[in-house]
Asker: 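Starting off with a structure, shown below.
In what follows, every heavy atom counts, from backbone to side chain, and hydrogens, waters and symmetry copies are set aside. The residues of the chain are indexed from 1 along the displayed sequence.
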Amino acid sequence: MSSTTLLEKVLPLFLLATVIAVASAGISNSCLQCICRLEGCASQVGKCRQDVGSLSCGPYQIKNPYWIDGGRRGGDYQTCAKQFACSEATVRAYMDRYGRGCRSNPTCEDYMRMHNGGPSACKAGSSLYRATTGYWNKAKSLCGF
């Protein structure tokens, strides 16, 4: 096999792998850490509390529908949401699932708003976007965005 033929076969696969890697980059670690800080992070591991009429659990204060949308990880809602690693994996999966609904390359602001207000909260002009402005402003202040 000539090197040209090998290159012609390998190059498309390399390019496809590169596109997939870029497209699935997802939420950055710094953005994820900021969400954790806003929600109480380590002080909330192993805990649940009532929040806006429903239970929120763990370092990311995850609610049951969020856990479901994030892939039902860790056996059951409270077990997963109360644990750091499982709740973080849930947040990442949730953001991967809904992030592209905001724009082709979601920003940390998009992810913050989605975490606080749901998948549609990143859409400028929506009532959920307006409702999550305080959360985003708090993130900018706390995390320096």
Asker: Work out which heavy atom in Ala139 is nearest to a heavy atom in Leu38; give both atom names and the distance.
Answerer: CB-CD1, 3.5 Å

Asker: For residues Tyr111 and Leu128: do they belong to one hydrophobic cluster (side chain heavy atoms under 4.5 Å, members Ile, Leu, Val, Met, Phe, Trp, Tyr)?
Answerer: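 Per the 4.5 Å side-chain linkage, Tyr111 and Leu128 are not co-clustered.
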
Asker: So if I apply the side chain to side chain contact (heavy atoms under 4.5 Å, CB included) rule between Ile62 and each of Ser87, Ser56, Cys57, which one comes out positive?
Answerer: Ser87

Asker: Ring of Tyr129, cation from Arg113 - is the NZ or CZ under 6.0 Å from the centre and inside 45° of the axis?
Answerer: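 Pair Arg113/Tyr129 counts as cation-pi.
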
Asker: Would you compute the distance between atom CD of Gln44 and atom SG of Cys48 and round it to the nearest 0.5 angstrom?
Answerer: 9.5 Å

Asker: Please report the interatomic distance CD(Gln78) to CD(Gln83), rounded to the nearest 0.5 Å.
Answerer: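 The distance works out to 11.5 Å.
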
Asker: Are any non-hydrogen side-chain atoms of Val91 and Met95 less than 4.5 angstrom apart?
Answerer: yes

Asker: Go through Cys108 and Cys34 one step at a time and tell me if the disulfide (SG to SG under 2.5 Å) criterion holds.
Answerer: CA-CA 9 Å; Cys108 186; Cys34 186; over 6 Å; no

Asker: Can you tell me how far CG of Leu55 sits from OH of Tyr77, rounded to the nearest 0.5 angstrom?
Answerer: 4.5 Å

Asker: Which value, rounded to the nearest 0.5 Å, describes the distance between Arg130 atom CZ and Thr132 atom OG1?
Answerer: 10.0 Å

Asker: A side-chain contact here means heavy atoms from C-beta on lying under 4.5 Å apart; do Arg97 and Asp69 qualify?
Answerer: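 They are in contact (side-chain heavy atoms under 4.5 Å apart), so the answer is yes.
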
Asker: Please check this pair: side chain of Thr79 against backbone of Asp76, looking for a donor-acceptor N/O pair closer than 3.5 Å.
Answerer: no

Asker: Judged by atom type as modelled, is there a donor-acceptor pair below 3.5 Å linking the side chain of Lys47 to the main-chain atoms of Ser43?
Answerer: yes

Asker: With a 4.5 Å heavy-atom cut-off, do Tyr98 and Cys122 have their side chains touching?
Answerer: no

Asker: If you define the side chain from C-beta out and look only at heavy atoms, does anything of Asn64 sit under 4.5 Å from Ser54?
Answerer: no

Asker: Could you state the interatomic distance from CD (Glu88) to SG (Cys41), rounded to the nearest 0.5 Å?
Answerer: 8.5 Å

Asker: State, with a plain yes or no, whether a side-chain heavy atom of Asp51 is found less than 4.5 Å away from one of Lys63.
Answerer: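 Contact flag for Asp51/Lys63 side chains = yes.
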
Asker: Is any side-chain heavy atom of Arg92 closer than 4.5 Å to a side-chain heavy atom of Ile27?
Answerer: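 They are in contact (side-chain heavy atoms under 4.5 Å apart), so the answer is yes.
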
Asker: Keeping Trp67 on the side-chain end and Arg73 on the backbone end, is there a donor-acceptor pair under 3.5 Å?
Answerer: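 Checking the backbone N and O of Arg73 against the side chain of Trp67, a donor-acceptor pair under 3.5 Å is found.
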
Asker: Is there a side-chain contact between Phe84 and Tyr60, using heavy atoms and a 4.5 Å cut-off?
Answerer: yes

Asker: Does Ala93 offer a backbone N or O that forms a donor-acceptor pair with the side chain of Asp96 under 3.5 Å?
Answerer: no

Asker: Please tell me if the side chains of Tyr135 and Ile35 come closer than 4.5 Å, counting only heavy atoms from C-beta onward.
Answerer: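 The answer is yes; the side chains approach within 4.5 Å.
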
Asker: Would you call the rings of His115 and Tyr66 parallel, tilted or perpendicular, taking 30° and 60° as the class edges?
Answerer: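 Perpendicular: the ring planes of His115 and Tyr66 meet at over 60°.
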
